[in-house]
Amino acid sequence: MNPFEMVVAIVAIGAIASVLRAKYGVVRRWKGEEMVARPGPDPEAQALREEIRQLKARVATLERIATDSSSSLDREIESLRDRP
């Protein structure tokens, strides 16, 4: 095996190992430490996703109100006042 093939093989092994670590969610804390599996989904991230979903729904409602006629505008405003 010539030196160039050896370098390509080492790089390929490193790339495959990185892809497998990312796929299975394994993170290395410090050099020399054992690998630790990542915890489940972040509760803060879940809460932020839910808040974004709610905000998108509100923006969609406001866009609909802005483009509708004035008679339906009054109904929409009244329905929004009843929301929590």
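Keep in mind the model is a prediction, meaning the values are calculated, not measured. The residues of the chain are indexed from 1 along the displayed sequence.
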**Q.** salt bridge (charged side-chain N to carboxylate O under 4.0 Å, His left out) involving E51 - partner list, sequence neighbours excluded
**A.** none
Q) When you look at CD of E44, are more than 12 heavy atoms from neighbouring residues, nucleotides or ligands closer to it than 6.0 Å? A)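 No, because the 6.0 Å sphere around CD of E44 holds 12 heavy atoms or fewer from other groups.
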Q: Measure the shortest side-chain to side-chain distance between Q46 and P43 over non-hydrogen atoms and say whether it is less than 4.5 angstrom.
A: no
Could you measure the distance from the [atom1] atom of [X] to the [atom2] atom of [Y]? Nearest 0.5 Å is fine.
{"X": "E63", "Y": "K56", "atom1": "CD", "atom2": "NZ", "answer": "11.5 Å"}
{"X": "N2", "Y": "E5", "atom1": "CG", "atom2": "CD", "answer": "4.0 Å"}
{"X": "L62", "Y": "R58", "atom1": "CG", "atom2": "CZ", "answer": "8.5 Å"}

